[in-house]
Structures are given as structure tokens and as C-alpha cells.
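One structure is given here, and the rest of the page talks about it.
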Amino acid sequence: MKTGDRGPLPGAGDEQAGNPDGGRSTGEAREIQWVLQPRGTARVRGPQHFNHSVRVGVDLSESTYESALGADAEELRRIFPDGLARLWGATPDMRAKSAKVTALRDCRIGDELLFYADKQFVARARILGLFRNRPLAQAIWGADDSQRTWEHIMALGDVAEFNVPAEPVLRGLGLGPSLRSLTLVRAEDRLRFLDVLENLESPGQGEAAAPVAEELTPAPKKLRRDDLFRALATLNTHSQKQRPSRHKPLTLLWAVGRLAEGRDRVVDWETFKNEMGPLLKDFGLPDSRITPEYPFWHLRSSGLWDVEGVGSEEFKPTSAALGAAGARAGLTRDAARILRKSLARAEAVGLLCSKYFEDVDRDALLGRVGLAGYASASGHDPDGERGGPVARRDVTSSRPERNREIVETLKTMYTHECQVCGKRVATQFSYYSEAAHIRGIGDPHGGPDELSNLLSLCPNHHVEFDRLAIYIDETWAVRRNSDGAVEYQLKRHADHVINEDHVRYHRGLCGRL
């Protein structure tokens with residue numbers, strides 16, 4: 001996400017700082033404040049929230065979020081014209097006086113947010129907008145144990161991640177050895193400790209902001225969504241026994257998995273070799289050579305892949321030469337920007353699997369590349385992970401809590417008939433049907449638990465729909481995924497309005513763009 005005229009890159013010095021309304025003079029830049037923000041522990045899903053809404057970003061076009069934008073819609077779209085918003089929030093504080101109350105009251109657009117975790121400052125970003133929007137916060141993060149949500153929302157510029165010991169700064173500010181609350185550091189105090197932070201800063205696990213000069217260099221051509229999918233479908237692969245090699249598509253699946261997990265877009269050659277080598281051995285074509293240097297170097301021809309650190313086209317990409325050059329590679333910025341959006345990511349995974357890995361165990365493959373939830377429409381809900389904007393209840397682990405009322409409404413509406421085949425499963429005293437989510441509420445799909453995202457299905461068609469054996473096309477025909485043959489026309493009750501975005505998402509998982 002470029003900052004454009006909305007402000008500087010995070011991490012830029014005061015002499016380069018800016019604000020959302022344009023340039024800021026050196027004198028004005030000295031008024032920037034720090035907002036110190038505890039990221040939150042795993043118990044309150046802090047790391048998951050950070051990955052979801054800051055590192056990956058919130059797709060404002062998704063119906064769950066779009067319907068919650070309210071009066072803030074226009075301003076958020078102005079700040080994030082590409083539709084991918086980096087957002088963080090704070091819960092209300094009803095006390096008359098506290099550090100948090102002061103911070104919420106006195107922080108300003110243009111201030112710098114510093115994230116704190118595990119006795120370190122771990123990231124920073126410029127504040128581009130301030131909002132109070134409870135429905136949007138609820139949709140993004142849910143609620144805490146006291147049923148409060150993080151409704152004081154900050155819109156953030158590009159995020160620079162690092163690891164900086166926080167104690168010297170905190171003690172110098174008189175805050176003690178650790179940070180316990182959202183805290184505002186006034187401009188004059190920030191200036192006293194700015195050099196300390198800059199001198200300690202070192203690259204961390206996230207992708208740091210690019211140098212200003214790089215951001216100002218015009219790209220030759222911006223990759224569009226259609227360009228990306230055209231490239232994925234037409235990869236230039238060498239053939240083995242008339243079958244396309246899996247080196248390039250497997251590398252792209254691995255790269256998409258890194259994005260989904262919030263990992264670096266670009267990696268060094270040694271990391272790539274160590275991670276891709278075993279994947280090529282286990283999921284490449286039988287008898288195919290294990291040569292990770294081939295996709296590392298030659299994926300550039302797809303237009304989706306960058307190689308850094310090697311400037312000559314005459315370069316011979318041997319393993320030793322790539323290591324000696326300190327070569328790094330990964331998805332281009334444009335490709336990563338598109339694939340950070342959940343719908344595009346689902347469609348890309350579905351396309352790559354259906355085109356290049358038809359005879360491969362999809363569960364095993366996607367599990368290995370960090371995309372396990374994409375093997376089925378329901379996704380997965382591992383302990384402690386957050387699957388989407390659905391309420392949870394405590395059992396032996398954290399899991400989505402289904403809304404039983406809408407399930408019963410759906411089953412009554414269709415009198416337990418399957419919307420695919422029209423059959424009802426008879427029991428001794430009644431009939432049986434299952435409510436299937438079109439876009440799963442488990443990770444990574446994050447679908448909503450609402451009537452517009454449900455189908456009434458018999459057990460057989462529920463399994464087939466969930467395991468991507470059937471899909472619904474644009475005309476509401478139910479087709480077999482293996483050959484596209486029409487099997488049924490989906491039955492729809494007049495009072496059942498199905499969200500077509502969710503149907504498209506499922507179709508994308510099936511590889512049917």
C-alpha cells in the first residue's frame with residue numbers, strides 16, 4: 001500500500017514526515033506524538049488480530065465489512081483506495097482519568113503508532129485516520145470477555161516490523177519496565193527518545209517499508225487482477241511425459257501460503273531451497289528432478305515474481321551462485337497486494353490446484369504449504385485461532401458458535417428438502433437435513449453465520465459441496481466439478497436471499513473462475 005499524499009512511509013525520519021493533507025514542514029513534523037499500543041497476548045487473540053487486520057489487511061469490499069462501514073465508508077475508501085485497509089482498535093475506557101483515556105482523546109492523525117509485545121516494540125505505522133465505529137470493530141475483531149469491542153479505530157499507513165527492546169524507552173519515560181495500557185507520548189518526549197529507537201531498530205519478521213526512493217519510482221505497468229489470473233492459468237512450464245512440471249505452480253502455492261500466514265513476501269535463497277526442496281520431492285511429478293533454483297529464477301517470466309540481488313541476465317542460477325550473490329525472491333508487490341485479499345487468494349488456490357494438481361491429495365498438499373483451510377469449503381478451526389466474525393463459546397477449545405435459530409429457520413423454510421436434489425432424509429418421526437455454510441465460518445474463509453450464507457442440503461450433497469466436488473454456477477445450476485456437467489438446478493425459496501459473493505467464493509475454491 002503506497003502512502004501517496006497521505007503521509008510518509010512509516011519509519012521515515014521527522015524531516016520526511018507528512019500528514020494526510022499533504023506535506024508537513026520540518027517544524028510541524030516535530031509535533032508528531034507516539035501512541036504506544038500493547039498488541040495483546042494470545043489469550044485475547046492479539047497476534048491473530050495483528051496478522052489479520054494489520055499485517056494482511058481488511059478487504060473493505062467484503063460484504064461482512066462493507067455493510068458495517070456506515071458513515072465512515074467514504075473516508076476509509078479515500079485513505080485506502082485499493083480497498084485493503086490496515087486497521088487497529090482500542091476498547092472504550094469509562095474511567096474519568098487514565099493513560100488510555102488521555103491517549104484516545106489526544107492522539108491525532110499523523111501521529112505514529114508503536115506496537116508493543118513481549119517487552120519489545122515490534123512494529124510502527126503512521127496514523128492516517130481516526131474513527132469510532134462499533135459495528136465495523138465487531139465485524140473485524142468480535143468482542144472480548146466483557147463483550148466490549150475495539151471500536152476506537154485507527155487507520156494505518158504501511159507497517160514496518162522490527163524487534164527493539166522497549167525497557168530503555170519505557171523507563172526513560174517513567175512508565176516502568178513494561179507497557180500495560182494504550183499510552184500517549186507527547187512530541188517533546190518522543191524527540192528525546194527517537195534516536196534510541198532508531199539506533200536499536202533491526203529488521204524483524206515482517207516486511208519493512210521500502211525506501212522512499214523506491215516508492216517514488218514509477219512502476220512500468222501495474223498488475224491487474226485479470227492479469228494475475230491469466231498468468232496463473234498460463235504458466236510457461238517445461239513438460240515431462242506430456243505433463244506440465246509442477247515446479248512453478250508449487251512455488252506459487254507456497255508463496256500464497258506465506259502471504260496467508262503473514263510471512264515475508266520475499267525470502268533469501270537458502271530459506272527458499274530448504275522449504276521448497278522437500279515440497280518438490282513430495283509433490284513434484286514422479287521422477288522429476290528436485291531443482292528449486294529453476295522456479296526461484298525462471299518464475300520471473302510469469303510477471304508475478306521478483307528476483308533481487310542479481311543484476312545480470314547472463315547470470316547462471318546455480319545453487320552456489322545464488323547463495324554467493326545473496327539472492328532473494330518472491331511475489332511482486334502487485335501480485336502480493338492482490339493475493340492478500342481473501343477472495344482472490346481463494347480463487348488463486350482453487351485455480352492452481354485444479355489446473356496443476358488434479359491427482360494430488362489436496363489436503364496433504366495445502367497443509368504443507370500453509371493453506372490447509374482451503375482444502376474444503378468449511379475451512380478449519382484450530383484451537384486458539386479465530387475463524388471469522390462469528391460468536392464463540394468456551395468448550396475445551398475456542399470454536400465458532402452456530403446460530404441455531406437461523407438453522408431452524410432454514411430447515412423449516414425448505415421442509416428439510418435438499419436444495420440440490422430435492423430429497424428429504426426420513427427418520428422414524430420426522431425428516432433430517434443439514435445447514436451448510438457456503439463460505440465456511442472456519443479459518444481461513446471467515447464467512448458469516450447468517451441465512452444468506454447457508455444452504456439446506458442432504459448429508460451426501462453437504463459432503464460433496466464441502467469437499468468441492470460440486471459447485472453452483474452463475475445461473476444457479478449445480479455442476480460436477482470434475483467435468484462441469486450440470487446435475488441439478490439449485491432450488492431457492494422466495495424468502496431465502498443467497499449472497500452471490502459467497503457463492504462466487506466457493507466457486508473460486510473449486511477452481512472455477
Side-chain angles (χ1 to χ4, degrees), residues 1 35 37-80 82-92 104 113 115 123 125 127-159 182 259-262 340-346 373 379 381 384-392 398 400-401 403 439-450 453 499 501-502 505:
M1 179 166 49
V35 181
Q37 170 68 69
R39 187 195 61 190
T41 63
R43 187 185 67 80
V44 293
R45 304 194 299 274
Q48 291 94 328
H49 290 332
F50 182 87
N51 184 61
H52 167 54
S53 65
V54 176
R55 186 181 284 146
V56 175
V58 174
D59 185 353
L60 298 178
S61 66
E62 291 189 17
S63 58
T64 303
Y65 306 129
E66 190 172 36
S67 61
L69 296 178
D72 300 322
E74 183 178 353
E75 180 64 10
L76 280 165
R77 291 192 179 109
R78 184 191 72 80
I79 296 173
F80 303 107
D82 63 356
L84 191 64
R86 299 187 190 278
L87 303 174
W88 192 256
T91 56
L104 291 174
L113 186 68
F115 285 95
I127 298 175
L128 304 181
L130 295 166
F131 308 88
R132 186 165 187 177
N133 188 323
R134 181 177 175 81
L136 180 59
Q138 186 80 37
I140 298 171
W141 303 296
D144 65 12
D145 293 340
S146 301
Q147 296 307 304
R148 299 176 303 171
T149 190
W150 295 266
E151 60 196 69
H152 292 279
I153 296 175
M154 291 170 272
L156 304 177
D158 284 349
V159 178
L182 185 73
L259 289 183
E261 294 179 336
R340 283 192 177 101
K341 297 186 177 182
S342 57
L343 174 58
R345 189 162 60 245
D381 184 42
E385 295 294 325
R386 182 170 179 271
V390 179
R392 292 178 175 271
S398 176
E401 183 178 1
N403 185 330
R439 177 171 181 164
I441 61 176
D443 284 337
H445 310 310
D449 192 23
E450 57 190 28
N453 189 35
N499 188 317
D501 288 342
H502 301 325
Y505 185 94

| message | So, taking the atom named OG1 in Thr149 and the one named CD1 in Ile140, what distance separates them when rounded to the nearest 0.5 Å? | response | 8.5 Å
| Point-to-point distance, once rounded to the nearest 0.5 Å, from CG of Leu76 to CD of Glu66 | 12.0 Å
| 4.5 Å side-chain heavy-atom contact, His152 and Pro92 | yes
| query | Taking atom CG of Asp59 and atom CZ of Phe80, what is their separation to the nearest 0.5 Å? | reply | 12.5 Å
| query | Between Asp449 and Ile441, which heavy-atom pair has the shortest distance, and what is it? | reply | N-CG2, 4.1 Å
| Is the closest side-chain heavy-atom distance between Glu62 and Leu343 below 4.5 Å? | no
| Can you tell me how far the CD1 atom of Ile79 sits from the CD1 atom of Ile127, to the nearest 0.5 Å? | 11.0 Å
| remark: Glu75 and Arg78 have their tightest heavy-atom pair at OE2-NH2, 2.9 Å
| request: Would you please say whether a donor-acceptor pair under 3.5 Å links the side chains of Arg439 and Ser63? | output: no
| said: With a 4.5 Å cut-off on side-chain heavy atoms, are Trp141 and Leu87 touching? | reply: yes
| request: Report the distance from atom CG of Leu182 to atom CG of Leu113, rounding to the nearest 0.5 Å. | output: 7.5 Å
| said: When you measure from the side chain of Asn133 to the backbone of Leu69, do you find a donor-acceptor pair of N or O atoms at a distance under 3.5 Å? | reply: yes
| message | If we ignore hydrogens and angles and just use 3.5 Å, is the side chain of Arg86 paired with the main-chain N or O of Arg55 as donor and acceptor? | response | yes
| remark: Rounded to the nearest 0.5 angstrom, the CZ-OH distance for Arg345 and Tyr505 is 7.0 Å
